[in-house]
Structures are given as C-alpha cells and as structure tokens.
Amino acid sequence: MPKKSTFSDSEPNIFSFNEIEKKWQRRWEEAKVFEAVPDKRNKFFINFPYPYINGHLHLGHAFSVTRVDVAARYKRMNGFNVLFPQGWHCTGTPVWAAAQRIREKEEKQIQIMKTMGFSEKEILKFGEVKHWMDTFVPAAQEDLSRIGASVDWRRSFVTTDLNPYYDKFIRWQFNKLREKGLVVKGKRPVVWCVKDKMVVGDHDRAEGEGETPQEYYLLKFKFGDSYLIAATLRPETVFGQTNFWVNPDANYVKARIGNETWIVSKECLDKLELQEKDTKMMEYISGKDLIGKHCEAPLIGRKIMILPARFVDPTMGTGLVTSVPSDAPYDYIALRNMQEMKETEKNKLGFSIEQIEEIEDIEIIPIIKTEKYGDKAAVKVVEESGVVNQEDPKLDSLTQEVYKEGYHNGILLNNCGEYSGMKVKEAKEKMKEDMIKKGLLEIFYELSGKVVCRCLTPSVVKIVSDQWFLKYGDKEWKEKVRKELEGMKLYPDLVRQQFNYVIGWLNDWACTHHHGAGTKLPWDEHWVIESLSDSTIYMAYYTIAHLIKEYPLDKIDDSFFDYVLLGEGKGSKEMDKMRKEFEYWYPFDVRSSGKDLVQNHLSFCMFNHAAIFPEKHWPKSFSVNGWLLVEGDKMSKSKGNFFTIRQVLEKHSADSVRAGLMMGGEGLDDPNFGFANVEIVTQKIHGFFEFARLNYKKAKKAELSRSDRLFVSSINRYLKEGSEAMENMMFRTAFDKLFFQMQRVLKEYINRGGSNQGVLNDFIEIQIKIIAPFCPHVAEELWNKIGKKEFISLAEWPQVEENKIDTKLEESEKGVDKTVADVLNVLSIVKEKTRKEGEKVYVYVMPFELEHYNAELLSRRVQKEVKIFAVNDKNKYDPEGKAGKAKPGKPGIYVE
RNA sequence: GCGGGGAUGCCAGAGUGGUCUAAUGGGACGGAUUUAGGCUCCGUUGGCUCAGUGCCUUCCUAGGUUCAAAUCCUAGUCCCCGCACCA
C-alpha cells in the first residue's frame, strides 16, 4: 500500500520535489532572473574557483557552489544586484595527459572511462582535450542548474587556447606582468625521465609519489691534480672528517667538469650533465685503485685516508662519501668494522703495516654537542641500538634521528674554527656560503627517494635553466600584497594568520611548463602557462565574458584589455560598454574556496591583483571553508562514499541536499555531509510545506495575546541572529536559527494553543523567505501557493522588528517552564507515594510570575487539571487544607 | 622540523571568568495518544540523594592564577591541515 497522503483538502497530492524543482528552474531561466545586468543598485559579485573538468562534478563541488549560491541569493533578497558567474578550468596536465593515454590506448585510463559509464566507441573520442570539454562542461552546467545555483550562464567560458578569447586575456596578463618585470627567467630542479625526456609529475609516477629533488652539497677533496667529490647533506660536519669512503667494487670516472678534473661514479657523471655541468669524460678508475691513498679534506685542509666501505652506493650522490664517524652512524660502523678487522684481512686488502697502523690510529673527532646525544651522537645511537654491520636497515632511521637532533639542537664545539659555538642550523648556512666562495662546495640535487616514471625508467633530477618564474619572492611585491590583505575581509578571520605566513614564505613560482593544456607564453611559445598561474585574475574576465564573445576576435589585442580592464588608451563603442560593465562589477566582493587553496591560488590571486590592478579593484574578501567529508570520512571511491552531484540528485531533492550540505558544517572545520541530515530536512521541509499551505488564510489583525507576543519575540530574535550568521557566511548556524529553531518555536506556539491568524500569516511569510536561499525551489512553490505573484528569489529579506523582541517575556516563559517541571516532579513523587486510585491530591508549587499565565494553559502543559489562586485568603488556595506549606501573599497553583 | 587550527556529555556542536551539568539538534530509553506506527506530545539521558529547588564529580592530562575557570596562564599528550611549481 502506498503511504496515504496527509492532505486533508480536496487537492491532489502534487508535492513532488522533483516536479517543483524542474518547474522553477525553467521559470527562472525563462524570466532571466539570474542574468546580471548593471543598474542603479549596489552590486554584489561573488564567485568560486572554476572546477577542473576531468569528470563529473562531485559533492565537494556541490558544497562550494551551495555556499556561494546561498550567499548570492541572500544578497539578492537584500536588494543587491548580484553577479554569480561560473567558468570551467581545463588548463594543465591531468586532462591533457589522460587524453594522451587514451590515444595510447592505455588500459588503466580506458578502465577509468568505462567506470564513468562511457562506451568503447565514445571513449576513443576522449583522446582529444576538446572532447572532455564538450562532454563535461555541459554536464557540469546541468548539474549546477539542477542543484539550483543562481548562475548567470551567459558569462561562462573554458580556459586554454581552445577558447581564443580567454587565451588572449591570459596573454595580455602575462605581457603585463613581464612589462612590470615580474616574470623572470631562472633555473629549477625537476624530476626528470631520461627516456621520455619529460618532467615526471607526481601523477605520472609508477613509484615515488611525493618525492622531490633535495639539495645536496658536493665537497671537493684535493687528490693530486684532480678532486674527489663527495656528496653530503651535512656540510657543517667537515671538522669531524676522519677518512674518506669509496666502494671498492664500483667504477669511477675521471672527468673534466668545467675547468676542474673530478672523480665521481659513472652514474653520477650522467646526472651532473643533466644538472648543467659541462662534462667531458676522461678515463675510468676502479674503486680499488683509490684505497689507501690520501686526499685533502676541504675547508680544514686535513689529509685523510681513503678506505673501502660496502655501504657506499655508486648510484647515490657521487658514489663517494666523506666520513664523519662522530655524527654519521654509517661512518661510525664502517670505521669500527675497519679497525676491528683482522690484520690478515687488512693485508689482503693490500694495506702496508704503516697503513694498518694509520687506520688503527684514526680517532673519532667530536664536533657537535646536543643534550640528548652528547658529543658523539652516532656512537651513542649505534651502541644503544646494537647495530653491528653496515647492511643493517636500522641505520637509515638512526641517521635521520641524529641528523634531526643535531640540526635543530646541536651546537658546534670549539674545535670548529670560526664556527665554534655556533648553532648547527646557523653554521650550516654560513659554512655552505663560505665554501661556495672558496670553490670547495657546489650544489647538487638528488631525489629524496626512489622515483620511477610511468614508462618504468628510474627518474633523476634535471635542472631546467630557461624556466620562467613569477617573482612572488619580490620584497616590494610582497609589501603591496600585505597592504592588500589588511584591507580585505576574511571569512573566517582566523585564516588571516595563515595568509600572512604564506605571503612571507612564498617564493618565485615556476609559471611555465613543457607540456599540458593552456595558453602559450606569448614571447616564448614553446612554454605553456601553468594552470595556477593562468587563473589569478580571471574573475575580471567574468565581467565581460558575455560581451567579448560578440566582439571580433581579430580586433582583440593587448590594447583592448588595457582599455577595458585598466582604462588606458582609447576604445570603440563596444569596448566602452565592456569597460562600463567591468567598472560596475569590479572588484569582486567574495571569492569562496577550500582552505587548501590558501597557500597557492588565493595568495596568487592577491599577488596578481596587486600587480596589475589599481587598489580600488583589489579583492574585497575571501571566504575559506574546509574539505567536505561524506558520512564522516574523506570522500573516496574505495570507501564507497564518493558521489557525483547527479548521483545524489537521482535519489534526493536538490533543496534537501543543499540544506544537508549547509548543515554539515561551517568555518574552517571539515564539514560533514550525512544522508541522515538530508532525510531530516526533507521531512521537516515537507512538514512545513503542508503547514504553510493549510494555515495561510485571510485574517483580520487580532490583538496579540501573551502567547502571540512570545512567539513574535522569538521569531524576531532568531531572525536577527540568523541574519547575522548569514552576513558572516556561517550558514550552518544560519540554517539552524532560521529554520530549525523557527520551527521549534512554531511548535511551541501551536502547543500553547496559538492560533492568531495574523501572526501565523506573518510567520509563514517570513519562514518561506528565510529558507529561500537554502531551499529555493520549495520556497518559490510555497510563495506561489500562498498567492504571491513575484519570485521569492527576488523578494525582500524580512526586516527584524527589534521592538518586538521581548527578552523579559521570554525569560518569564522560562520561569513558567520551570514551574511546570516542578509540578510534574512533585506529582510523580506523590503518585509513587500514594498509589491510591481515585484519591484526590493537592499539590502546592511555588510558582513563577503566574499573573501572566492561565490555568488552562498550565493544564495543557501538565496534562492535569490545574487551578491558580491568589493566596490572599488561606482557604482559597487550598480548600481542603491539604496542599502543604504555602506562603500567604503569593499566588499558588493547585493541582487536583 | 616549520607554520596554522583543534580536543566539550552516546554523537554532532554552542559556549571565552560567576547566571554552566553546560544551548541546540540527533540518537537511546521511559511514558502519553494510537488498531498500529516511521506522525505528534511529555519526560529521562554523570553519580549520589530525595515530599521538593541538596551534595559530589565533570568540558584531553597535570600544575597554576582567582573569592570564582570549560573559559585565563604554564607544561605535556593526542588529532587535523599546509610546507609549493600540483589541480
């Protein structure tokens, strides 16, 4: 049996969220309700970062868009001319690379497309980036429309050179930045595949996600007319060097590096070449041939002996290692092994008696002191851990530990020359600089861990030398941005510290890539502008996006944008129109985004605005929110809590999902979306829908009773608090106050017997209006049902009537609540004690301000017959003298 | 390691010196209504005590400041996020 309708009148049950949503979305579109046209009103421009369209939009997007939409609708109802545009992002590598993989018919990628529900035939089309746009952009627009986003779709666009208009805009932006000297050429280390001859991004790896190039230091040890080169992370330990390690089984090469002769492993030579060294191979040297000889340690000038060690890996660094047994566990173990080796074995290695003596005389030199490990950290940790040979895997973590402690808490001992007494942290920098100056040290990059390219070739570090950078490290620029930040409002303000910090450490940003979709760098077209860099000031483009499409493409050049966006030079009539539109809307009032974008996108947005636009066009505010959790967990396909918008909308109404999302959370905490909330909202909204429809009636204004005034007071209080929350983009609080609390006080009012039709009508109107930003479809339908002609989307947000907020009255009601509780309490006790059926019991309860209350209402609350007496006359309040201790002179209540 | 944010009752989540056993919502439990209930209503939900507004113990832990602390200070423990060239 289908559930029986709760409709009591003759009208058939037409309540279908689905129907209502479709109907109003159609009407909004027909009436162009959300098309933003400049006029005399104040404007409000809100937006959020355009989604990257590598698939269907998911619940996380729904959360972002709902936040923005609720704000947009709220502002619209507050009389603002609201602009909420939406574009789509396709710049960068993910889609580009996926398309390429489809072309290569890579099984994994094809499988991904299959799970998205595409047929074999269709999948092949995704070999072109454009097909991704053609598929997912319309789908995304449909999804956002279905969830009720009040977007001006005329202004939508996609990025990359597939959109020549936007492409020209980005070119203009970069030319502008270059003119100002903010785009410069530089070098940077990248993870590189020698086979593919390409940068190996994090997503293109078979192994080694998260690994990055790490700075190592090459130390030069004088060795005859050449240098032995050792790679180290710890140049500050040079004073503790006791010997030098070489792998006896490895092959080394002597090579011309610049105008020096270096000895390094064969593997290292290839790396040096990729790291901009001018190399020329000379001859091979066997590791064995080096053993027993001496070289001169850099900076300290000490002669140290070259000894064999198994732990030395020719593929790591230079394949040569300097030995600091006091602070390097590997070195200590290797040295101890060496010294403890039987004489016969040492002989076997070809050491002479003098050499053997020399080895035995090597003493560990303490150089760094920490509270935790004393002055021979490596010795201490190795002895304590019981490690005895060089192959022990524990050595890696011990090394880490010693390094960490030494670096952060260590102090150099007084045998360290001019660095004696310095903190390790500081000494490291200084020694590094000094040694570079003296030509004893060079910087080298090695991967922080093993990285394997998708083509299964191990990756290496390459230095790209003609890389273009945005000069975010520039001091003057930073100053300007700090000033910009000061003038901005942040929701919540908590993120201000984070922004300040980011502005501080942000350094020059590599803004060009070798490959990927995007705009080509105008003056150096073999570079593609990287995706975060092309999305910094595009909000300005929204203001003209719908007009520029109508303008002849060939007439658009840099001077076009100079005029339209900066007001420089002269422009045509059409350009003038665009200029006016820009000036009306810009700057944007709110940009809302996830907190993950604080350290890049939002900061870049500030930087580029500061660089290109005058102060009056700098951003007004950012709103930052957490990452959406679903059912308490991070969304992930493997956990089964990943949902696209369309999946969710198949089963749930847009209004409920919107409200459910907003109920999930606010502020910087990760909001949590649960379907239970969606169900609750669905029920409550439906409940209110019925209530409003059936209870909105014609009425004359009746005089307000105490109960009425109490109700009106609560409504106004929640309206006030809710509106404040709306202003602060605290939408969970707002929805709670504006809907749940409102419904609660309505319930209380009805329970009190409230029935003043005028009051009810006012309430219904207010309630519909204030849920409209959250549940716009139902609100429109209801608004229409109660006979209003205009769209609720354009109705006026209700004004708080401060004078109707009666705190005293609400307090007194709390007192009544307490009295009722007391009565019930006493009654239950009495009931337990007497247990006699039919016996009359009289109870006296010290009441609270009963002059405003009446017996009928109390009876309803207590569910017993209640009488109230003024206790002036003893006999009146307790006719049978059984109610116990009453206090004459005060009113009392009497329960039978 | 650096930087930022946190830790509140079964759960979520308010609360920044007294009005705090701590809002509100959900859950659970008990009761009322009911043919029945997923509707609605009332109540309970730290412990003890109880013919009545009482006592004790609680807001991560340990100290401290104060007449008074969930709230301020100090130390510690644990959790989340970011640390880049990637959307």
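Here is how names work: the chains are called A, B, and so on, in the same order as the sequence lines, proteins then strands, and each is numbered from 1. Everything numeric here is computed off the predicted structure, so don't read it as measured data.
Taking atom CZ on A/Phe739 and atom P on B/U24, their separation rounds to 18 Å, with Å as the unit. For the pair A/Leu233 CG and B/G1 C1', the interatomic distance rounds to 15 Å; values are reported in whole Å.
Residue A/Asp508 is in base contact, counting any heavy-atom pair closer than 4.0 Å across all strands shown. A/Asn672 comes within 4.0 angstrom of nothing in the nucleic acid, heavy atoms only.
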Reading 5' to 3' and counting Watson-Crick or G-U wobble pairs with both distances under 3.5 Å, write the dot-bracket notation for RNA chain B, | for bases paired outside the strand. ((((((((.[[[..)..(.....]]]((((((.......))))))(((.....)))...[[[[[..)....]]]]])))))))....
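The phosphate of B/G3 has neither OP1 nor OP2 within less than 4.0 Å of any side-chain N or O from A/Gln497. Look at A/Lys595 and you won't find any side-chain N or O under 4.0 angstrom from OP1 or OP2 of B/G82. Residue A/Arg732 places at least one side-chain N or O under 4.0 Å from the OP1 or OP2 atom of B/A14.
Aromatic rings of A/Tyr50 and A/Phe48 (six-membered ring for Trp) have centroids beyond the 6.0 Å cut-off, not under it.
The A/Leu494 side chain lies nearest to B/G5 when the options are B/A84, B/C85, B/G5.
Using cut-offs of 30° and 60° for the angle between ring planes, the A/Trp509 and A/Phe604 rings count as perpendicular.
For A/Asn600 against B/A87, a side-chain N or O and a base N or O form a donor-acceptor pair under 3.5 Å.
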